[in-house]
Novice: 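Questions regarding the structure given below will be posed in turn.
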Amino acid sequence: MEFRFTDEQQMIRESAEAFLREQSDPAAVRRAMATEQGFEAALWDELAGGMGWSAMHIPEEFGGLGLGAVELVALMEEMGKRLLCAPFFSSVCLGTTAILCAATNAQKAAILPDIAAGSVRATLGWMGEGRDWSPAGTSLACTRHGDGWRLQGESHYVVDGHTADLLVLAARLPGEGIRVFAVPAGTAGLSREWLPTMDQTRKLSKLSLDGVQLGSDALLGLDQDAAEALQKTLDIATIALAAEQSGVAQQVLEMAVAYTKERHQFGRAIASFQAIKHKAADMMLKAEASRSAAYYAACVADEALRGGAAGAELAQAASLAKASCSETAFFNAGSAIQMYGGVGFTWEYDVHLYFKRARASEAFLGAPAWHRERIAQELGL
Amino acid sequence: MEFRFTDEQQMIRESAEAFLREQSDPAAVRRAMATEQGFEAALWDELAGGMGWSAMHIPEEFGGLGLGAVELVALMEEMGKRLLCAPFFSSVCLGTTAILCAATNAQKAAILPDIAAGSVRATLGWMGEGRDWSPAGTSLACTRHGDGWRLQGESHYVVDGHTADLLVLAARLPGEGIRVFAVPAGTAGLSREWLPTMDQTRKLSKLSLDGVQLGSDALLGLDQDAAEALQKTLDIATIALAAEQSGVAQQVLEMAVAYTKERHQFGRAIASFQAIKHKAADMMLKAEASRSAAYYAACVADEALRGGAAGAELAQAASLAKASCSETAFFNAGSAIQMYGGVGFTWEYDVHLYFKRARASEAFLGAPAWHRERIAQELGL
Amino acid sequence: MKLQFSEADEHFRHEIASWLADNLRGEFEPLRFRGGPGDEHMFPEERKHWERRMAAGGWTCIGWPEEFGGRAASIEQQVIFHEEYARAGGPGRMGHIGEGLAGPTIIAFGTDEQKARLLPGIRAGTELWCQGYSEPAAGSDLAAVKTRARLDAATGRWLISGQKVWTSLAHESDWCFVIARTDPDSVGHAGLGFFLVRLRQPGITVRPIEQMTGTSEFNEVFFDEAVCEPGDMLGKPGEGWKIGMALLGFERGVSTLGQQMLFQNELDEIVRIARENGAGKDPDIRQRIADAWIGLRVMRYSAMRMLSGGADGSLAREAMSYKLYWAIWHRNLGKLAMDVLGPEAEIAESAPYGLSRLQSLFLFTRADTIYGGTNQIQRNIIAERALGMPKEPRR
Amino acid sequence: MKLQFSEADEHFRHEIASWLADNLRGEFEPLRFRGGPGDEHMFPEERKHWERRMAAGGWTCIGWPEEFGGRAASIEQQVIFHEEYARAGGPGRMGHIGEGLAGPTIIAFGTDEQKARLLPGIRAGTELWCQGYSEPAAGSDLAAVKTRARLDAATGRWLISGQKVWTSLAHESDWCFVIARTDPDSVGHAGLGFFLVRLRQPGITVRPIEQMTGTSEFNEVFFDEAVCEPGDMLGKPGEGWKIGMALLGFERGVSTLGQQMLFQNELDEIVRIARENGAGKDPDIRQRIADAWIGLRVMRYSAMRMLSGGADGSLAREAMSYKLYWAIWHRNLGKLAMDVLGPEAEIAESAPYGLSRLQSLFLFTRADTIYGGTNQIQRNIIAERALGMPKEPRR
């Protein structure tokens with residue numbers, strides 16, 4: 001058991017830190033978040049094609065770097081720190097992972113090289129308007145139609161769905177479980193609507209599918225229930241999102257501590273007051289715990305991707321990481337606003353951007369209480 | 001609407017404060033709690049017979065003072081402050097209230113004068129080994145037997161059941177709901193066992209009834225379902241207990257504040273550190289809120305006892321008060337230990353007595369989460 | 001101690017309820033349930049009209065003494081007024097700073113001339129007020145006021161220079177009360193004056209602050225030799241702190257009841273959504289809704305206990321915890337609203353950044369624990385003034 | 001980063017598991033799962049025998065270098081040792097202060113003579129140690145030590161006078177390490193020495209402290225010209241603070257893993273009861289059990305991260321929050337245990353005041369947030385040392 005980054009992982013992490021500090025500074029974030037697209041194409045090209053981040057956990061045989069979830073988590077943590085506006089979470093963590101979990105090798109060979117190169121951006125749609133983030137919340141319906149398939153219905157809360165090139169969509173085949181399809185953006189009958197969101201740094205959309213016709217090759221994997229593959233995808237994406245939140249939690253802590261060291265009231269830097277210091281200490285306590293949770297979960301996700309034994313803990317690990325990191329990111333971002341005082345509440349200061357991202361990510365893929373209940377079930381309660 | 005004590009109520013409160021400060025000092029509490037009986041007979045005689053506290057909410061026609069729940073709450077709050085060891089809660093709040101809610105006027109006339117005078121101590125038993133503090137948790141079974149009744153089973157967590165003279169017992173009549181009986185302590189077939197408790201300042205017991213034979217007059221009220229009367233009794237007792245907890249919460253706050261003003265570390269009274277001050281502030285915040293909750297609930301209970309309109313809110317008010325006061329008493333007592341530091345953890349200092357009482361009372365008659373769920377149901381959720 | 005209102009009070013309830021039913025309609029219909037916290041920037045002109053309609057009906061400043069146009073309404077009646085106003089969905093009051101803060105302060109500390117000149121405009125809903133308390137370098141540290149007031153001996157005018165911040169409705173108001181330093185060498189509580197200043201004058205610039213909601217309820221107000229006319233100072237130089245503290249006391253008085261009724265409307269909406277969208281079946285949500293309901297009831301009865309205390313703006317020991325209590329409660333409510341909405345909580349009403357009412361509530365409640373004294377300052381106040389714990393040593 | 005253990009480590013796991021299966025039986029059977037926190041007063045003699053049995057098997061001090069009788073076990077092996085020890089229900093170790101604190105400190109700061117003389121007794125389980133840190137007037141303020149040490153020039157002995165408190169197992173121990181002031185005029189961190197003192201001597205009186213549990217795990221230790229023999233001082237006069245801080249670092253090292261395994265046993269018991277008595281169907285209890293499970297996992301991996309840091313007793317920045325984390329977690333677990341037990345939580349095992357294990361757990365966990373530095377002190381340490389926030393101004 002080794003519970004530290006390898007030298008190579010550490011290098012990936014440090015180069016991400018340097019790149020994002022430069023490329024995803026507050027000005028860049030504010031530029032991108034104000035657009036409907038939500039990201040700057042040049043930045044995506046550089047981090048996907050240039051840095052190779054979109055190839056990270058794609059096996060080498062499919063044009064990827066052959067790395068795993070630990071590297072993904074290291075990147076997401078750094079992205080959280082800088083609130084990167086880019087379709088990394090949607091394309092790499094959701095879309096690519098879905099293909100890795102659901103597709104046949106032939107399909108992977110056909111689809112993944114373009115994704116690895118960053119020239120195709122994917123995403124994943126599955127849930128309806130309900131509150132169930134599990135495969136059971138899948139809302140689209142599919143039916144067999146000649147040789148191929150027909151999809152009908154709506155898919156909600158699809159991250160970057162309005163800009164992705166390839167939509168990986170889960171649909172319910174009545175009586176036979178779930179099927180997962182790869183649907184190109186231009187497919188007839190598919191319409192995509194951007195939905196403005198409270199957190200502007202990550203874009204959501206609604207997809208409407210009105211009698212969408214797909215060939216047999218659009219089905220990812222075999223014609224059998226893909227609920228397990230979808231669940232595995234969601235768990236891995238959940239762990240990646242948790243890691244991002246751990247980055248958010250750490251960053252707002254550092255921002256708030258720096259601010260309170262500068263801000264003077266009552267004749268002292270407010271960082272010298274116990275009320276402020278102890279709040280910062282609690283933030284650090286939670287940030288450290290969340291980082292441990294995310295790293296542990298990353299190891300489990302890695303095993304799950306490679307088919308190792310510890311992968312059996314995937315559901316528990318995902319829920320543990322999400323519950324811990326979500327709560328921490330929200331607590332820390334809210335505490336940071338409090339430590340900033342009045343200015344923390346202004347549009348001008350950046351802390352509200354982190355606060356909004358923290359809230360959005362807390363809800364996405366299931367809030368802490370939802371994940372704790374999932375753990376309670378795993379514990380046989 | 002007048003939301004302050006009347007002059008008379010204020011007088012009752014102040015005389016209770018003075019009496020208890022004298023008679024229920026830490027030495028008296030420690031003497032009484034070390035015994036199986038749990039109280040000193042002389043003290044009971046004085047506060048019941050002498051001060052008339054056991055007559056408080058008994059109507060004048062039955063030998064009482066004809067006052068109500070507001071006065072009861074004022075007394076209980078003061079008793080909480082001094083951790084009074086006496087069967088007031090069991091006899092007055094539980095036993096007497098049950099008789100007031102369930103018995104016929106003739107029965108009241110027969111039973112209550114002795115209770116009012118303090119010469120008979122009552123209590124109430126209803127629940128079994130489960131976790132349900134409502135009438136649905138009633139464990140004893142009763143059957144009709146000739147002209148009278150036969151009781152069978154066990155009654156758990158009966159406050160002062162091993163020392164009370166008169167046991168008011170709820171029992172389940174299969175298919176016909178609940179019946180409530182007045183069972184004298186010496187009745188054949190009834191055995192009573194004291195159970196040592198973590199909180200030594202209030203005594204619990206288990207009653208075992210093996211074919212207990214009762215005459216028809218032992219049934220309180222008419223031969224019809226008494227679940228509503230029992231529920232009303234429990235709600236009123238819950239409000240009284242909540243008020244007591246509000247007294248506990250206030251007292252530990254004052255004790256801890258006084259201690260931290262004396263205790264010096266790092267060259268200062270520790271009361272000058274924000275960490276300590278802000279904890280005390282949070283304790284006061286909760287103590288004040290709980291007092292408001294208890295007083296509001298007292299007004300509702302008063303109405304309920306007198307049959308007024310606001311009595312319809314009784315269940316909500318009881319749950320509100322219990323959830324608020326229980327949480328506060330436990331939080332404040334726990335915080336007080338923390339503020340005392342190491343000595344707060346010793347047998348010698350009194351704060352642990354409050355802490356244990358806070359925990360015991362938090363659980364008794366339903367913990368905060370149980371009461372919040374009850375409110376959620378009342379809100380139609 | 002009793003819960004029922006008297007028959008006379010119930011008659012009063014009928015009176016205000018009927019008046020609202022007759023008047024909060026037609027042109028005023030769109031104002032119902034609008035203009036509350038987080039929504040204060042909406043319909044300002046219409047709400048000014050409404051203020052004057054209220055005045056015409058005799059429903060402004062009802063708690064003021066009759067000699068100043070009030071009804072000398074009892075605490076109970078004021079409670080009833082706020083209950084019915086909120087029940088009817090009465091809009092956020094444009095005149096509440098004048099009615100609740102400036103007016104009572106002028107009544108308590110003003111000269112007869114000031115009372116005669118200034119109170120009628122407040123009572124009539126024609127002169128609106130805002131407050132100039134906080135400063136950029138003195139957020140929660142009120143005694144660190146840097147705004148200066150210099151007496152121009154020739155004209156008898158005070159000339160005010162400096163900057164105030166977090167001033168709501170400044171761009172809609174006619175008057176601002178300002179705490180400024182009359183003695184340039186003074187520090188802390190000493191040497192402050194309390195000034196009544198006309199906003200529409202060359203020496204004053206109002207600049208909206210864009211908040212995290214994308215809207216601008218708050219403002220920065222810049223004073224550059226702004227004129228306070230002779231006779232518009234309240235009290236004497238050096239009494240600014242005393243008057244300001246009393247005013248903060250009024251702030252935590254009866255107006256809290258009106259605020260509670262807004263809270264009740266918010267909670268009701270959240271409960272309604274929880275019933276409709278299934279969130280109400282979630283055990284965690286159930287617990288939190290019940291907890292919010294408990295908290296609001298507690299606030300109501302705490303306010304009632306508080307109001308049975310001093311009427312001079314001084315705070316009872318028990319009242320000191322009220323601001324902290326509601327601020328935390330409201331912040332939790334904002335989060336609860338989001339969690340009840342579930343995934344839908346994230347979706348805004350319109351592009352580019354049009355938030356829903358509950359989204360605004362959620363974001364705005366983050367300010368509740370900051371303005372009017374942060375939670376940290378509130379805890380200091382409670383510990384030091386209510387519990388007598390020692391002040392921190394100053395460096 | 002990976003979760004699996006190597007094959008060699010799994011072999012090691014088999015070795016210790018087999019040894020425990022073969023030895024923790026017969027006369028030692030009643031010790032299983034006993035003697036942990038809150039239960040430390042139970043079976044002291046039997047646990048001393050067990051300590052010697054452990055030593056005979058080569059299972060004491062496994063993390064020590066081989067030259068001092070250890071196995072130089074890797075971090076992974078120490079993790080495995082603690083896992084298997086707890087899984088088997090190994091009793092609370094009587095020798096843990098010697099093995100985990102005194103020994104490593106002597107190894108780091110002792111002379112060759114001291115190492116040769118003192119380490120074997122610890123390794124053999126024949127000499128037990130306790131710690132003399134806290135004082136009545138210096139609970140969390142370690143630098144406020146008042147115990148004095150005076151050098152008797154004639155004999156070369158140090159004579160120690162003063163009082164220590166919260167010393168666990170003092171009545172069972174042979175040695176105590178004591179921080180005392182060598183320079184009577186010094187204040188704070190300066191002028192302290194670190195002394196190794198035999199407990200069984202006329203100058204020392206041990207008085208048990210009765211705790212809220214009614215039991216007495218902790219003691220007051222009074223020193224009245226107690227003798228520290230020449231050669232039994234560790235380091236030099238003035239180095240006491242440095243050595244003491246390093247020792248506290250060791251305290252938060254590998255031994256935390258053993259503690260976690262005890263926590264795991266406690267949590268498992270609580271989950272078992274929740275499954276059996278229906279509490280596990282309560283949504284609130286379900287949430288809290290899941291939360292406890294999460295917290296314990298997090299602790300495990302935080303400890304692993306922490307242990308990959310310095311081995312010299314110095315703490316990585318990230319490790320500073322560990323004490324605060326487990327203390328809060330454990331306190332919450334104690335409360336959870338009571339709430340899972342439901343009404344039965346209140347009933348003691350026997351009169352007059354024989355508490356159940358979970359009742360003791362509940363009460364004892366209130367001390368977790370106090371001893372070894374209160375939560376408040378821990379937060380100061382985190383803020384100042386890990387986050388670089390300024391110290392409070394001193395008066």
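By convention in this document, chain letters (A, B, ...) are assigned in the order of the sequence lines, proteins followed by strands, and residues within each chain are numbered from 1.
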Novice: Do the side chains of C:Ser321 and B:Glu288 get nearer than 4.5 Å, heavy atoms only?
Specialist: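 With C-beta onward as the side chain, the pair touches.
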Novice: Below 4.5 Å, heavy-atom pairs only: which of B:Ala293, B:Ala287, B:Ala369 has the largest tally toward chain C?
Specialist: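 Of B:Ala293, B:Ala287, B:Ala369, B:Ala369 has the most heavy-atom pairs under 4.5 Å with chain C.
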Novice: For residues 245-258 of chain B, give me every residue with a non-hydrogen atom less than 4.5 Å from any non-hydrogen atom of chain C.
Specialist: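 So the qualifying residues are B:Leu253, B:Val257.
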Novice: If I take atom CG from residue C:Asp291 and atom CD from residue B:Glu327, how far apart are they, to the nearest 0.5 angstrom?
Specialist: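 If we round to the nearest 0.5 Å, C:Asp291:CG and B:Glu327:CD are 6.5 Å apart.
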Novice: Is the count of non-hydrogen atoms from other residues, nucleotides or ligands lying under 6.0 Å from C:Asp268 atom CG greater than 12?
Specialist: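 Counting other residues, nucleotides and ligands, CG of C:Asp268 exceeds 12 neighbours.
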Novice: Measure across C:Leu387 and B:Met284 and return the closest heavy-atom pair with its distance rounded to 0.1 Å.
Specialist: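 So the minimum-distance heavy-atom pair works out to CD2-SD, 3.8 Å.
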Novice: Identify the heavy atoms of C:Arg275 and B:Leu379 that sit nearest to each other, and give their distance.
Specialist: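 Of all heavy-atom pairs spanning C:Arg275 and B:Leu379, the closest is NH2-O, 2.7 Å.
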Novice: Sequence neighbours left out, what passes salt bridge (Lys or Arg N to Asp or Glu O under 4.0 Å) with B:Arg374? Give chain and number order.
Specialist: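 Salt bridge (Lys or Arg N to Asp or Glu O under 4.0 Å) list for B:Arg374, sorted by chain: B:Asp235.
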Novice: Report yes if the side chains of B:Gln377 and C:Arg286 come closer than 4.5 Å at any heavy-atom pair, otherwise no.
Specialist: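 Yes, close enough: below the 4.5 Å cut-off.
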Novice: Roughly how far, to the nearest 0.5 Å, is CZ of B:Arg268 from CD of C:Glu392?
Specialist: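 One finds 5.5 Å between CD of C:Glu392 and CZ of B:Arg268.
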Novice: Specify the closest pair of heavy atoms between B:Ala289 and C:Ser302, including all atoms of both residues, with the distance to one decimal.
Specialist: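 Shortest heavy-atom separation between B:Ala289 and C:Ser302 comes out as CA-OG, 4.3 Å.
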Novice: With chain C, which of B:Met283, B:His371, B:Gln316 has the greatest number of heavy-atom pairs at distances under 4.5 Å?
Specialist: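 With the most close heavy-atom pairs to chain C, the winner is B:Gln316.
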Novice: Heavy-atom count check: over 12 atoms from other residues, nucleotides or ligands less than 6.0 Å from C:Arg272 CZ?
Specialist: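 Atom CZ in C:Arg272 is packed in, count exceeds 12.
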Novice: Which residue out of B:Ala280, B:Ala317, B:Gly68 racks up the most heavy-atom pairs below 4.5 Å with chain C?
Specialist: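 Of the candidates given, the most pairs with chain C belong to B:Ala280.
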Novice: Is it the case that the side chain of B:Glu373 and the backbone of C:Gln287 share a donor-acceptor pair, with hydrogens and angles ignored and the cut-off at 3.5 Å?
Specialist: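 Pair absent, no side-chain N/O of B:Glu373 close to backbone of C:Gln287.
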Novice: I'd like to check B:Tyr296 versus C:Met304 (side-chain heavy atoms, cut-off strictly below 4.5 Å). Are they in contact?
Specialist: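 No, too far: nothing below the 4.5 Å cut-off.
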Novice: Against chain C, label B:Glu313 side chain, backbone, both or neither, depending on which of its atoms sit under 4.5 Å from a heavy atom there.
Specialist: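 Contact with chain C is through the side chain of B:Glu313 alone.
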Novice: To the nearest 0.5 Å, how far apart are CE in C:Met389 and CD1 in B:Ile270?
Specialist: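 Output value for this atom pair is 8.0 Å.
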Novice: Report which part of C:Asn380 has an atom under 4.5 Å of a heavy atom belonging to chain B: side chain, backbone, both, or neither.
Specialist: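 Both backbone and side chain.
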Novice: Are the side chains of B:Lys277 and C:Arg379 in touch, meaning some heavy atoms are under 4.5 Å apart?
Specialist: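 With C-beta onward as the side chain, the pair stays apart.
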Novice: Considering non-hydrogen atoms only, spot the tightest contact between B:Lys261 and C:Pro390 and give its length.
Specialist: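 Here B:Lys261 and C:Pro390 meet closest at CG-CD, 4.5 Å.
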Novice: To the nearest 0.5 angstrom, please state how far the CG atom of B:Leu320 sits from the OH atom of C:Tyr301.
Specialist: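 Interatomic distance, B:Leu320 CG to C:Tyr301 OH, rounded to 0.5 Å: 9.5 Å.
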Novice: Show the nearest heavy-atom pair for residues B:Ser324 and C:Ile294, with the distance to one decimal.
Specialist: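 Closest approach of B:Ser324 to C:Ile294: CB-CG2, 4.3 Å.
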Novice: Taking atom types as modelled, is there a side-chain donor on C:Arg305 or B:Tyr295 under 3.5 Å from an acceptor on the other?
Specialist: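 Judged by distance alone, the side chains do not pair up.
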Novice: Does a sphere of radius 6.0 Å around CD in C:Glu276 hold more than 12 heavy atoms from other residues, nucleotides or ligands, not counting ones at 6.0 Å or beyond?
Specialist: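 Yes, the 6.0 Å shell around CD holds more than 12 heavy atoms from other groups.
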Novice: Measure the CG-CD distance between B:Asp282 and C:Gln378 for me, rounded to the nearest 0.5 Å.
Specialist: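 Spacing of CG (B:Asp282) from CD (C:Gln378) equals 12.0 Å.
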Novice: Under 4.5 Å from any heavy atom of chain C, what part of B:Gln274 do you find: side chain, backbone, both or neither?
Specialist: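 Both backbone and side chain.
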